[in-house]
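Structure record follows, encoded as structure tokens.
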Amino acid sequence: MGRDIIANIITSIRNADMDQKGRVKIVSTNITKNIVKILLREGFLENVRKHKEKESKKNFLVSTLRHRKTGKGKKRILKRISRPGLRIYSNYKRIPKILGGMGIVILSTSQGIMTDREARLEKIGGEILCYIW
């Protein structure tokens with residue numbers, strides 16, 4: 001059984017948000033770097049820095065979460081859509097709008113990983129990776 005890197009990112013961020021922890025440590029790969037760049041650009045993360053462990057010689061991204069000032073029970077929702085067992089694809093006309101455009105859909109396209117707004121502007125469809133709102 002293979003590892004689902006995107007599900008690991010989403011679960012790590014979701015757990016840190018629920019526990020109101022400030023930092024998340026994510027294994028650094030090309031996919032994770034692109035997703036973290038999108039989250040940083042969209043304002044879900046405050047800061048990202050690279051970290052290399054001396055013992056295991058693995059590269060990590062240490063991300064600082066941006067917490068919202070909301071009441072109890074109002075947490076960020078990150079939902080994995082396309083999975084290794086069930087891939088979900090969409091053309092640019094059928095990309096869903098989350099909360100009327102307030103949320104973000106992250107897609108993997110032929111031009112790279114991008115948000116739903118960028119994919120609609122480029123008129124490119126692709127695999128729907130996750131929803132964030």
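Both backbone and side-chain heavy atoms feed into the values below; hydrogens, waters and symmetry mates do not.
- Cluster membership for Ile98 and Leu107, using ILVMFWY side-chain heavy atoms within less than 4.5 angstrom, is shared.
- In this structure, the side chains of Lys79 and Arg14 stay at 4.5 Å or more apart for every pair of heavy atoms.
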For a side chain to side chain contact (heavy atoms under 4.5 Å, CB included) check, start with the C-alpha distance between Ile132 and Phe44, then their side-chain angles and the critical distance, and finish with the verdict.
CA-CA 9 Å; Ile132 302 170; Phe44 288 101; 3.4 Å; yes

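- Residues Ile113 and Ile35 form a side-chain contact, since some pair of their non-hydrogen atoms from C-beta on lies under 4.5 Å apart.
- Taking each heavy atom of Gly103 and Trp133 in turn, the nearest pair found is CA-CB, 3.9 Å.
- In this structure, Asn30 places its CG atom where only 12 or fewer heavy-atom neighbours from other residues, nucleotides or ligands lie under 6.0 Å away.
- When all heavy atoms are compared, the tightest approach of Thr115 to Ile38 is CG2-CG2, 3.4 Å.
- What you find for Tyr92 and Ala119 is that their closest heavy atoms are CB-O, 4.1 Å.
- For the side chain to side chain contact (heavy atoms under 4.5 Å, CB included) test, residues two or more places apart in sequence or in another chain that qualify with Lys33 are Ser28, Leu61.
- Looking at residues two or more places apart in sequence or on another chain, you find no side-chain hydrogen bond (donor to acceptor under 3.5 Å, both in side chains) involving Thr109.
- In this structure, the side chains of Ile5 and Val27 stay at 4.5 Å or more apart for every pair of heavy atoms.
- Side-chain atoms of Asp17 do not come within 3.5 Å of backbone N or O of Ile13 as any donor-acceptor pair.
- With sequence neighbours left out, the side chain to side chain contact (heavy atoms under 4.5 Å, CB included) criterion links Ser12 to Val24.
- In terms of heavy-atom proximity, Val105 sits nearest to Ile128 at CG1-CG2, 3.7 Å.
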Step by step, would you call Ser110 with Ile124 a side chain to side chain contact (heavy atoms under 4.5 Å, CB included)?
CA-CA 8 Å; Ser110 60; Ile124 302 173; 4.2 Å; yes

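- Here NZ of Lys123 is found 8.0 Å from NZ of Lys93. Values are rounded to the nearest 0.5 Å.
- Residues Val36 and Ile26 meet the side-chain proximity criterion, which asks for heavy atoms closer than 4.5 Å.
- Although no hydrogens or angles enter the test, the distance criterion places a donor-acceptor pair under 3.5 Å between the side chain of Thr32 and the main chain of Thr29.
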N/O donor-acceptor pairs under 3.5 Å from side chains in residues 47-57, not counting sequence neighbours:
residue : atom : partner : partner atom : Å
Glu53   : OE1  : Ser56   : OG           : 3.0
Glu53   : OE2  : Lys25   : NZ           : 2.4

Met18 vs Arg76, side chain to side chain contact (heavy atoms under 4.5 Å, CB included): CA-CA, chis, key distance, verdict
CA-CA 8 Å; Met18 285 176 25; Arg76 228 173 241 123; over 6 Å; no

Could you pull out all donor-acceptor pairs under 3.5 Å where a side-chain atom in residues 80-90 meets a protein atom, sequence neighbours excluded?
residue : atom : partner : partner atom : Å
Arg80   : NE   : Asp4    : OD2          : 3.3
Arg80   : NE   : Ser82   : O            : 3.2
Arg80   : NH1  : Ser82   : O            : 2.4
Arg80   : NH1  : Leu129  : O            : 3.3
Arg80   : NH2  : Asp4    : OD1          : 3.0
Arg80   : NH2  : Asp4    : OD2          : 3.4
Arg80   : NH2  : Ser82   : O            : 3.1
Ser82   : OG   : Ile88   : N            : 3.1
Ser82   : OG   : Glu127  : OE2          : 2.6
Arg87   : NH1  : Glu127  : OE2          : 3.0
Ser90   : OG   : Arg94   : O            : 3.2
Ser90   : OG   : Ile95   : N            : 3.3

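- Within a 6.0 Å radius of CZ in Arg41, other residues, nucleotides and ligands contribute more than 12 heavy atoms.
- The side-chain hydrogen bond (donor to acceptor under 3.5 Å, both in side chains) test applied to Arg117 returns Glu42, not counting sequence neighbours.
- Put simply, CD1 on Ile31 and OG on Ser108 are 7.0 Å apart, with the number rounded to the nearest 0.5 Å.
- Considering all non-hydrogen atoms of both residues, Ala16 and Arg23 come closest at CB-O, 4.3 Å.
- Looking only at distances, no side-chain donor or acceptor of Asp116 sits under 3.5 Å from a matching main-chain atom of Ile104.
- The hydrophobic clustering, which links ILVMFWY residues whose side-chain heavy atoms are closer than 4.5 Å, places Leu65 and Phe60 apart.
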